[in-house]
Trainee: 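Encoded as structure tokens, here's the structure I'll be asking about.
These numbers come from the heavy atoms of this one structure, side chains and all, not from hydrogens, waters or symmetry mates.
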Amino acid sequence: MNSNEQISITLEGKDTQVDSNSTGFTLFSEKTIVALRVNGELKDLAHTVSEADVVEGVSIESVDGLSILRHSTAHVLAQAVQNINPEAKLGIGPPIKDGFYYDFDVEKPFTPEDLKALEKEMDRIVRSGQRFLRRVTNEVAASEELRNEPYKLELIGLKSGTDIGEAAAEVGSGELTIYDNYDVKADEVVWKDLCRGPHLPNTRMIGNGFALTRLAAAYWRGNENNKQLQRIYGTAWPSKEQLKEHQVYLEEAAKRDHRRLGAELDLFSFPEEIGSGLAVFHPRGGIIRKVMEDYSRDRHAQSGYEFVYSPHVTKANLFQTSGHLEWYADGMFPPLQLDEERDEEGNIKKQAQDYYLKPMNCPFHCLIYKSQARSYRDLPLRMFEFGTVYRYEKSGVLHGITRARGFTQDDAHLYVARESIEVELSNVLTFVLDLLRDYGLTDFYLELSTKEEGNPKFVGSPEIWEEATATLERVATDSGLKLVPDPGGAAFYGPKISVQAKDAIGRTWQMSTIQLDFNLPERFDLEYTAPDGSKQRPVMIHRALFGSIERFFGVLTEHYAGHFPPWLAPVQVVGVPVADEFSDYLHGIASELKAAGVRIQIDDSDERMQKKIRNHTLAKVPFMLIAGAEDQAQGAVSFRFRDGSQTNGVPRQEAIGRILKDISEKVQV
RNA sequence: GCCGACCUGGCGCAAUUGGUAGCGCAUCGCACUUGUAAUGCGAGGGUUAGGGGUUCGAGUCCCCUGGUCGGCCCCA
């Protein structure tokens, strides 16, 4: 092609004349531009643009740029692994949030020491300045070239198929390509990988902002029937400073870990004697939980909910009726067999009965509904229960109090007439969001979980699903919050909206769920008499606000980093006398606060006051009241707050007023 | 459930190549009585998660069970 020939392209939004052989290298001189977006598609910097292309530079700091950086770092990791162990077979190695991973099939799993050696080797590769060169190939040639890489061969074979999931990073759609790592000094290709790209132009651009973080096993192509490969996780950033920042963030997250804070603040524990995933709440955790529950109860009462209670075990037939035994027996504790009787010969006289620990409360609520004939005048019927359920979670998934085997749902089931679903749903959503805000979460988005076509797990007719999904979607959209689709995420009996909340350090947690259910009313044959005398079937809305109290407790612990706002704090105020003689004075103030319901303690121990202040600071007590001669003389008291700041000489009544106000207004201090 | 790592007094940690368990905090006692993050001295507390094995000898090596952690799969 003639290099002088000019073509016109749209470069960074501007019509521009460029040489017909222009590439990203010639169009961009900034070193931060690591790839191109050509007509919306990501391309290597080496890509040659064509007439009428819309071309933008992709900065390494952008979302796409970071993914490219991480993807290239994953390649360097794989090269390092194969340099050290040529027998290692390659799985896949995509970028993920904050980093990347690469899966390998190796004889012996990696050890933490291996990681150090691998980082060193990666560093060498990065410094050697290899180029990433894209090469188009075809299935036959690639299969021959990669004959020693069984997993890559499988991916080549799958390319024509549809569902390749994360492997899309390897083969993707369109042409089949291999990336060669070309060592300039040695003038040879030192490594290669089947990959869709794009990549950084040169390994040197990876710099020193990467680190290998953890080791794990992962099923090949995410299927537990497949072989487990050894996965290495890493993180990569444009600079060492950004890597450091990320590491600091991880430390901050570790400090907030509810499992750690739960032990440090004496909130709850998981005694081995009880069994995995089963917690006990200590007094300090207990009072937080009680306050959370009490407030929730009050709000439910104000909003027209009625309180019900149900047992923790039930005969099997209830869960046969509900469908749980048919669909979710795996997630339930195995049954207790009771009441069997045998004669002298050991023959069964009376068949044993299976009793199950309940995994959900809804079937019980349906029985309450059925306990009498219902009229349209009864609807909507809103039943609320703090219902403790037990689910046999696989041992490997348990995670403190956020993923346990026994937990208490703040569960409500609303039985509504079909025509009032939409109104009721939007009321529920408003109620849920308001309440979450009161607990201190304010940043939300919604997720709409729908059924996956063709999956037999989802019961009920397609028309009903369609109607339910459409209704939920309307309500979600009307809320004005961002709505994210979650295909395949629905419960087996119906679609749901879930409220995702962002915490103080930007992590999102799934909180409340609101599910529509046309199925259970059918299974339990629920009905009500309509104004015209006809029998109608109600629709159920399942709604958990905290999800589970334990989980919500854990989330709040992490959100507040243990610094619970005064209304939730286990001990709201601690009085520290400067010397013993001022203790009585503080006790006087304390009894007034106690009378007003405040959780206050006076530290009369014989520690020095500095030590007391340290202790209560570490215990994250929101208010410390300090009193000595000066305060006593003026009828005042001195505040010390968790951040170390202080307000001295506050008149007694003013101090009391301040504390009561902060508690009742649920503010953070 | 699967893969890997780990389990030492209430908590956090130590114990050269297997040689007979130490420290800090906390607890208890005594002294000190102090104005905003650790007063001093002393005492008690562990059959090293449980069980089995190898060995003259096991916290250290091997096996089983339980639990924890990081992932995978899952999450009604």
Trainee: OP1, OP2 of B/U39 versus side-chain N and O of A/Lys612: anything below 4.0 Å?
Mentor: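 For B/U39, neither OP1 nor OP2 has a side-chain N or O of A/Lys612 closer than 4.0 Å.
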Trainee: What contact category does A/Thr111 fall into here, base, sugar-phosphate, or nothing, at under 4.0 angstrom with non-hydrogen atoms?
Mentor: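 Nothing, no heavy atom under 4.0 Å.
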Trainee: Quick one: what's the B/S/- string for nucleotides 65-72 of chain B, heavy-atom cutoff under 4.0 Å, read 5' to 3'?
Mentor: -BSSSBBB
Trainee: Less than 3.5 Å between a donor and an acceptor, one on the side chain of A/Gln646 and one on the base of B/U36, is that the case here?
Mentor: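 When only heavy-atom distances are counted, A/Gln646 does reach the base of B/U36 through a donor-acceptor pair under 3.5 Å.
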Trainee: Distance-only check: which donor-acceptor pairs under 3.5 Å involve side-chain atoms of residues 571-583 of chain A, not counting sequence neighbours?
Mentor:
unit_1	atom_1	unit_2	atom_2	d
A/Gln572	OE1	A/Arg599	N	2.7
A/Gln572	NE2	A/Pro566	O	2.9
A/Ser583	OG	A/Asp604	OD1	2.6

Trainee: At less than 3.5 Å, do the side-chain atoms of A/Arg551 and the base atoms of B/C75 form a donor-acceptor pair?
Mentor: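 A donor-acceptor contact between them is absent.
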Trainee: Please classify the nucleic acid contact of A/Tyr493 as base, sugar-phosphate, or nothing, using heavy-atom distances under 4.0 Å.
Mentor: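 Contact class for A/Tyr493: sugar-phosphate only.
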Trainee: For A/Ser638 versus A/Gly649, what's the shortest heavy-atom pair and its separation?
Mentor: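 In this case the closest contact between A/Ser638 and A/Gly649 is OG-N, 3.4 Å.
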Trainee: Any side-chain donor-acceptor pair under 3.5 Å between A/Gln500 and A/Ser498?
Mentor: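 Yes - a donor-acceptor pair under 3.5 Å links their side chains.
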Trainee: Determine: side-chain N/O of A/Arg640 to OP1/OP2 of B/U36, distance under 4.0 Å, yes or no.
Mentor: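 No, because none of the side-chain N or O atoms of A/Arg640 sits under 4.0 Å from OP1 or OP2 of B/U36.
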Trainee: A/Asn648 near the nucleic acid: base, sugar-phosphate alone, or nothing, with a heavy-atom cut-off under 4.0 Å?
Mentor: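 Since a base atom lies under 4.0 Å of A/Asn648, the category is base.
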Trainee: Taking the P atom in each of B/G51 and B/U60, what is the distance between them to the nearest angstrom?
Mentor: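 Going atom to atom, P in each nucleotide, I get 13 Å.
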Trainee: Could you tell me which non-hydrogen atom of A/Ser276 sits nearest to which non-hydrogen atom of A/Arg405, and how far apart they are?
Mentor: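 In terms of heavy atoms, the two residues are closest at O-CD, 3.5 Å.
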Trainee: Both distances under 3.5 Å, Watson-Crick or G-U wobble: on that basis, could you give the dot-bracket string for RNA chain B, with [ ] for crossing pairs and | for other-strand partners?
Mentor: (((((((..((((.....[..)))).(((((.......))))).....(((((..]....))))))))))))....
Trainee: Does A/His399 reach the side chain of A/His258, with side-chain heavy atoms less than 4.5 Å apart?
Mentor: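 Of all side-chain heavy-atom pairs linking A/His258 with A/His399, at least one is under 4.5 Å.
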Trainee: Rounded to whole Å, please give me the gap between OH in A/Tyr328 and C1' in B/C75.
Mentor: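 Distance, rounded to whole Å: 9 Å.
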Trainee: Counting the atoms with a prime plus P, OP1 and OP2 as sugar-phosphate, which does A/Ala627 contact under 4.0 Å by heavy atoms, base, sugar-phosphate, or nothing?
Mentor: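 If one applies the 4.0 Å heavy-atom cut-off, A/Ala627 turns out to touch nothing in the nucleic acid.
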Trainee: Can you label the angle between the A/Tyr151 ring and the A/Trp220 ring as parallel, tilted or perpendicular, going by 30° and 60°?
Mentor: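 Plane angle over 60°, so perpendicular.
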Trainee: How are the rings of A/His542 and A/His413 set relative to one another: parallel (under 30°), tilted (30 to 60°) or perpendicular (over 60°)?
Mentor: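 Perpendicular: the ring planes of A/His542 and A/His413 meet at over 60°.
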Trainee: Can you work out whether A/Asp330 or A/Arg608 has the more 5'-proximal nearest nucleotide on RNA chain B?
Mentor: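 Result: A/Arg608.
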Trainee: A/Phe281 and A/Phe553: aromatic ring centres closer than 6.0 Å?
Mentor: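 A/Phe281 vs A/Phe553: aromatic centres under 6.0 Å.
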Trainee: Students often get this wrong, so: under 4.0 angstrom with heavy atoms, is A/Asn615 touching a base, only sugar-phosphate, or nothing?
Mentor: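 No contact at all - A/Asn615 keeps every heavy atom at 4.0 Å or more from the nucleic acid.
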